[in-house]
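Reminder, nothing fancy here: chain letters follow the sequence lines and each chain counts from 1. Computation of the quantities below employed the complete heavy-atom set of this structure, encompassing side-chain atoms and omitting hydrogens, waters and symmetry-equivalent molecules.
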Number of protein chains: 2
Amino acid sequence: MPDKPLSSSQRAIHELRNKVFSGELAAGSDHLESELADLLDMSRTPVREAVLTLESQGLLELRPRKGVRILPLSPDDMAEIYDVLTELESHAAERAAEAGYDETDLKALATAIDDMDAAIAASDLDAWAEADDRFHSELVRLGGNRRIQSIVGMMSDQVRRARTMTLFMRPLPTKSNEDHRAVFHAIRSGDADTARDSHEKHRQHAKAIIVELLNKHRLRFL
Amino acid sequence: MPDKPLSSSQRAIHELRNKVFSGELAAGSDHLESELADLLDMSRTPVREAVLTLESQGLLELRPRKGVRILPLSPDDMAEIYDVLTELESHAAERAAEAGYDETDLKALATAIDDMDAAIAASDLDAWAEADDRFHSELVRLGGNRRIQSIVGMMSDQVRRARTMTLFMRPLPTKSNEDHRAVFHAIRSGDADTARDSHEKHRQHAKAIIVELLNKHRLRFL
DNA sequence: GCATTATTTAATGCATACGCAAATAAATGC
DNA sequence: GCATTTATTTGCGTATGCATTAAATAATGC
């Protein structure tokens, strides 16, 4: 069936998001509402609504008369984001382990891990990143807390922005999948403490790598 | 000076929030945009913008053609919210302890604790609740992560809704302030682990009490 | 009667218009 | 020249109207 026509508002949200991710709307740049409306070929109304939504998700900022500002991400911002992810995802891992999921329930998680292995073997960074996203979002889903899912979703969006930049400037994340497996096994065996601790270490490590990378390359923002 | 005139949009956000808290807009009820516009004596436009914002904060839900639905809070929702608060506030406590704040920096925290003591002595539940809010928000502020401040702020809003209902049906929170003092002392002495653990226990305890209370009183939602 | 289709109703999504206030430019006084 | 005032521009906040489409109701066929 022909996909249902998307509302202008929704379209605005998605297209603006994409343009931020792709860099077409550069971090730190300002844009008038009317400019964005022209860009998306719609009136200001749906643009305003989209901008309101994206503001609440931390992607941009409304500064009356100065335009809509695409929020830059500093290394400090990145550190904040990773800290939130660390806490909430670790909680999810803990809960997932307590939930007593069986092999079937954990299949998506296992698949994501395997896909990461394959991607690394093929040196396909994009595929790895996609599978990594899948692992983390599935983990959070298994945690069962919908508010955490929503918050982590928003924060992951921001991380994705930074990863585009940093992925190619760091070594292949070969070690990363050991962490994923540790978390996986802890969950499968119902060891909540280990699941939590493993994931916590995993995320803290990721944070350290990215923040160091950004600082080393003098990426004051992105 | 005469306070600056608030925009209709801002007014709508605040007034709608208040009406949700006060119960004037009951949880679970549906309201057309035009109805809310009439209620607030403004056009649909700023109401729509406010509703968009409040939706992203989890207070209500937009269901096209069915109206704006004030989201009810179930015991499960409450549990989710407390879990998020537990994780993020505990992280803040840990960081606050690491930050090496001196007596002056921690004054607001100490004051909040004293105020709670005074409120309990006077059996003034409203004053206690206010000081408790102050303690938690100051704690999170000291944690230094602005994203956590924002998330915790949103979640605390929801807790406040429930507390209105439950505050009078539970014993005076006399024990609660012991927890607060433990967190305070750990922060002052730079003991991050203790700060974290104390606060974690504090919040888990609060969660258990509220969830039990809601279930006991068959408050399926609120 | 019951199911299906046609008709009406009405809430929303969006475009548009307009007044106001802020920012900028121009003009005036010193 | 520089500061201060005045004029002008321009972006935003809000109101309003209309087209669209989902829901509700009536009508038709079987």
Please give, in whole Å, the distance from [N] [atom2] to [X] [atom1]?
| X | N | atom1 | atom2 | result |
| --- | --- | --- | --- | --- |
| A/M42 | C/dT16 | CE | C1' | 16 Å |
| B/R69 | C/dA11 | CZ | C1' | 18 Å |
| B/E35 | C/dT12 | CD | C1' | 15 Å |
| B/Q10 | D/dC12 | CD | C1' | 13 Å |
| B/L40 | D/dT14 | CG | C1' | 14 Å |
| B/D41 | D/dT16 | CG | C1' | 15 Å |
| B/L36 | D/dA15 | CG | C1' | 17 Å |
| B/L6 | C/dA21 | CG | P | 14 Å |

CZ/B/R160: more than 12 non-hydrogen atoms of other groups inside 6.0 Å: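 Count over threshold, so yes.
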Interface with DNA chain D, restricted to residues 44-53 of chain A and to heavy atoms under 4.0 Å: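 Hits under 4.0 Å, by residue number: A/R44, A/R48.
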Closer than 4.0 angstrom, basic N to acidic O: yes or no for [X] and [Y]?
| X | Y | result |
| --- | --- | --- |
| B/R163 | B/D133 | yes |
| A/R63 | A/E55 | no |
| B/K107 | B/E103 | no |
| A/R203 | A/E87 | no |
| A/R134 | A/E138 | no |

Can you confirm whether the side chains of A/D83 and A/T86 place a donor and an acceptor under 3.5 Å from each other? no
When you check the side-chain N and O atoms of A/S176 and A/D179, is any donor under 3.5 Å from an acceptor?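 No pair is found: no donor N or O on one side chain lies under 3.5 Å from an acceptor on the other.
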Please list all pairs passing the ring pair (Phe, Tyr, Trp, His ring centres under 6.0 Å) test where one or both residues lie in residues 132-157 of chain A, with sequence neighbours left out. A/F135-A/H180, A/H136-A/H180, A/H136-A/H199, A/H136-A/H202
Are OP1 or OP2 of D/dT14 and a side-chain N or O of B/S8 less than 4.0 angstrom apart? yes
Quick one: what's the B/S/- string for nucleotides 6-11 of chain D, heavy-atom cutoff under 4.0 Å, read 5' to 3'? ----BB
